[in-house]
Structures are given as structure tokens and as C-alpha cells.
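Note sheet for the following structure.
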Amino acid sequence: MAVRVQTEDFDIGREIAALTASRTDIGAVVTFTGLVRGVSDGANLSAMTLEHYPGMTEAELSRVEAEALQRWPLQASLIIHRVGALEPGANIVLVIAASAHRQAAFEAAEFLMDYLKTRAPFWKKETGPDGTGAWVDARESDGKAAKRWGAA
Amino acid sequence: MSVHLVYFAWVREKLGRADETVTVPESVATVAELMAWLAARGEAYQEVFSRVGVIRAAVDQTHAQPQQSIVGAREIAFFPPVTGG
């Protein structure tokens, strides 16, 4: 069970391999990758910057992961979230949930993302082609997605 | 009570500072009371901390509700709703 906050890009294949290496108890691995889209609200994006709260970011991601481990029988999990300046098409976040069977892995991966999106202290700023920046607003749909898992 | 405050995203931009240390009177004992106290410090503070429904807080790096006590807290952060993932 691990969380990482980093500026560097990640390689999904390498992370899966590392997570499953020399284990035979894992029957299902589910991954989610979040990427930077090049268009936001109809306008072209030239870059995105991810700010975070060092210390609380890792702590909150660990709390989210611990919550998932309480709810599902996971053999392993991983959350990697990038920070700093990212270009359209770049990886932002990776969530991996590994379990003996697929139901727990699918559900836990979705839960980890829904909780991460409402609790982890990151803030996105989008920069348009003219260089002007705008902070992304939190979405009501994310709040609703987190609530459906019960008391957050 | 002396406490370190940290600000993020547009809260930081509007206040023009990433952090500061303040001394609050004993009567300021909750997150909500701290926000009201901060709102009185100047125009930018008023603009930010009057947005009570929007501004979120963390006390010692844990999410905090407005009614939460700040007594003994070392670090309190204020920020907009998070947008990671």
C-alpha cells in the first residue's frame, strides 16, 4: 500500500509489474489513469499546473487508501499523483487496486478516485494560449460521487 | 495564541502571501471564529474570508469543519475546494 506525490511521469506497466512481482495471491489488478485534456470548457489549454499542500497531501492520500483497505480485501494498492506543470495529454494520477478477485479491485479503484477527488489537497490551474491562468472550480458531480460511498 | 497560517491557490493569490504567523485572542477558538477574525484584517482578507461557504480549512493537516476547535493548533490552512485527480 503506497502513495507517492511527485513531479516525474509514471509508467503504468512498470508500476503494475512492481506491484505484482513475486506474488501469487493477486488475481485481479485494476488501474485508473487521469490525464490532462487539451480543451476545457470549450477553450484550448496550453498547460496545467498542480499545486498541493506538502505533508497533508501524502497524509490525506494515505487516509483515503486506509479507508479503501478497511472496506475491501485488497492485496495491494498504489496512488501516484503528479504535481507541477503538466501539458495536455500528460499523465496526472494513477490508481492501482489489486485483489484476489475482480469485484473488490474494480470497486476499490473507483472509490479511491472518488475520495481522492474530494479530499486530497491539490488545486489545478489552467493556462490558456494567451498565458492567462484560471483556477479550476470543484465539481458538484465529484462531491456526489464521493457521497455515494457513504459517510466521507 | 500564536498559530501559523498557510494559504493555497486563489486564497494565496488574493491575500498576496503563502503563509503568516498570527496571534489570536482567546475568544477566537474555532475555525469559523478565526475566519471572521481574519476577515476584519483588511480588504483582501474580507474578500476571501467572507466566502464562508466556499473556503475550506485544515487544522494540523487534517480537514476541519467550521465548528472545530483551533485551541492548541500549530498550523491552520485555508484553501478553495480541492480539484486534484
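The sequence lines fix the lettering, A, B, ..., with proteins before strands; numbering per chain opens at 1. All values derive from a computational prediction rather than experimental measurement.
Among A/G55, A/A59, A/G143, the residue with the largest count of heavy-atom pairs under 4.5 Å with chain B is A/G55. With chain B as the partner, the residue from A/E60, A/R139, A/R82 showing the most heavy-atom pairs under 4.5 Å is A/E60. Ranked by non-hydrogen atom pairs under 4.5 Å with chain B, the options A/F122, A/F32, A/Y53 are led by A/Y53.
Judged by distance alone, with hydrogens and angles left aside, the side-chain atoms of A/W123 form no donor-acceptor pair with the main-chain N or O of A/W135 at under 3.5 Å.
In this structure, no portion of A/D142 lies under 4.5 Å from any heavy atom of chain B. For B/R56, no part lies under 4.5 angstrom from a heavy atom of chain A. With a 4.5 angstrom heavy-atom cutoff, B/V6 touches chain A only via side-chain atoms. Looking at B/A58, the atoms closer than 4.5 Å to chain A (heavy atoms on both sides) all sit in the side chain, from C-beta outward.
A continuous path of hydrophobic side-chain contacts links B/L15 to B/L38 [ILVMFWY only; heavy atoms under 4.5 Å].
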Report task. With side chain to side chain contact (heavy atoms under 4.5 Å, CB included) as the test, would you mind laying out the steps for A/K125 and B/E13 before giving the verdict? Result -> CA-CA 12 Å; A/K125 190 172 195 181; B/E13 287 179 352; 2.6 Å; yes
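Taking 4.0 Å as the cut-off between side-chain N and carboxylate O, A/E15 and A/R4 count as a salt-bridged pair.
The 12-atom threshold is exceeded at CD of A/E8, counting heavy atoms of other residues, nucleotides or ligands nearer than 6.0 Å.
B/V31 is not listed as a side-chain neighbour of B/Q65, based on a closest heavy-atom distance of 4.5 Å or more.
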